[in-house]
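Keep in mind that the numbers below use all heavy atoms, side chains included, and drop hydrogens, waters and symmetry copies. Below, chain A is the first sequence line, B the second, and so on; all start at residue 1.
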There are 2 protein chains.
Amino acid sequence: MKPSIKLSVDAVVFGYEEGNISVLLIKRKYAPFKGQWAIPGGFVLDDESLEDAVERELHEETGIKINYLEQLYTFGKPDRDPRGRVVSIAYFGLVHPNAFKLFAATDAEQAQWFNINALPELSFDHKEILQTAIKRLQGKITYEPIGFELLDDKFPFSDLEKLYTTLLGRGIDRRNFRKKIINLNVLDELDEKVSKGSGRPANLFQFNQKRYFQLKQEGIIFEI
Amino acid sequence: MKPSIKLSVDAVVFGYEEGNISVLLIKRKYAPFKGQWAIPGGFVLDDESLEDAVERELHEETGIKINYLEQLYTFGKPDRDPRGRVVSIAYFGLVHPNAFKLFAATDAEQAQWFNINALPELSFDHKEILQTAIKRLQGKITYEPIGFELLDDKFPFSDLEKLYTTLLGRGIDRRNFRKKIINLNVLDELDEKVSKGSGRPANLFQFNQKRYFQLKQEGIIFEI
DNA sequence: GGGTGTTACGTGTTTTAAGCAACTAACTTA
DNA sequence: TAAGTTAGTTGCTTAAAACACGTAACACCC
């Protein structure tokens, strides 16, 4: 007896640019939900791992290569797909958006970044998936020094600060935040400055990769 | 085209009794891994939800009814099952072990509680699943007032304390722990005492369900 | 029935971190 | 050159975690 349940993967990919958190969506080329926006994803091939499937689909549909990926949650309500029973394993990814040129193909008519505060209507139960992903992102950021996967190589401290306030949706104390991050020793202060608009030019920082990944592995608790 | 990937669910169920954290395992009745211990679980039927599948399999194989269940992680390596491609959605459950009489049936020859420090060899990749579950349990306990789902209705404070030290695998400061828990206001102190062996008899406590579930919903952060 | 061991429980002090205000620094723009 | 703007520092106040000790209420033993 062959099962009639199909298995798919979906990927919620976040990017951050100049104070905005965006998510990568595709416009569906075929029915169901033809012409509507959706999270990139597709069916798992019989002999590929789940992670391979996510990366393959992401690359096919949007041209992107991910640099951070983790499993999010598995969605399996019997009626979530009009084509029949489809259980989807959702993943959660982070990229530097300006490191890639979006390029839609296969099932996707178009691929585009959307600000998470200005989302279009989504196909299937993708709204629920996205909300789950946003919660995960907000949760992660408070106990892991995320940011490396979202920020540029070199960045002013205010970018990190803005990433946190935007993501948490609330103000944080600039002074304590700086103290805490500096004390983590994950940042190397550079001798370069950058000036954007008015105001004092900011010093540039860079993540110390070695220390950063060491900290992540130790499962650091750092409570913003 | 019908897919050849099959979908199963597995459930890691924890119980706590007198200072011991146990996990519920079954002895497999059929090949593969016949006669070996495994996490309870089985294939998902075409028209049932994932949660229904878990609860059905758990009840069939062990006689247990769960009072706390959440999704853990989905395991999908192509070679994890010798019968072919099987992707398994693992769940995580908590029960009061002495509230049920174990009763093995269907695929299970026997169902039994095992101390998590004295586990037998496990089938498939179930060792990895169990380790993931233990990590989740340790993580959850530090930011959620878990315990209600594991402890008896009435319990001395030392039971809660022991639950935490056992689960975290390290000592905690008894004085601060008590202060913190009491300040959460989730416990009602009863006028009953219990004496086990020597020493001063302990006052019994009870979870204030209303306040407890309110706190959980608010997603309390309470950092042991 | 009075010491002794044992577990339960409370008070207090010291140390660390979070919360918050005021200030200095280095630029741009009018 | 004064005013506006963003960057970054110093320090004080308050809350919480880390830690030691003292007291309470039993069982057990002689």
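Distance A:Ile181 CD1 to D:dA7 P: 16 Å, rounded to the nearest Å. Spacing between atom CZ of B:Phe177 and atom P of D:dC19 amounts to 17 Å, rounded to whole angstrom units. In this structure, B:Glu192 places its CD atom 15 Å from P of D:dC26, rounding to the nearest Å. Between B:Asp173 atom CG and D:dC21 atom P the separation is 14 Å, expressed in whole Å. The interatomic distance linking A:Asn183 (CG) with C:dA17 (C1') rounds to 11 Å, in whole Å.
Aromatic rings of A:Phe207 and A:Phe155 (six-membered ring for Trp) have centroids within the 6.0 Å cut-off, being under it.
Other residues, nucleotides and ligands contribute only 12 or fewer heavy atoms inside 6.0 Å of the NZ atom of A:Lys162.
Of the candidates A:Ile181, A:Leu150, A:Thr165, A:Leu160 forms a side-chain contact (heavy atoms from CB on, under 4.5 Å) with just one, namely A:Ile181. The only member of A:Ile134, A:Leu167, A:Asn117 that meets side-chain contact (heavy atoms from CB on, under 4.5 Å) when paired with A:Ile21 is A:Leu167.
Among all heavy-atom pairs drawn from A:Val23 and A:Val12, the shortest one is CG2-CG1, 3.7 Å.
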Heavy-atom protein contacts under 4.0 Å, nucleotides 4-12 of chain C, coded B base, S sugar-phosphate only, - none = -BBBBBBBB
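A cation-pi arrangement is found for A:Arg178 relative to A:Phe157, the charged atom lying closer than 6.0 Å to the ring centre and inside a 45° cone about the ring normal.
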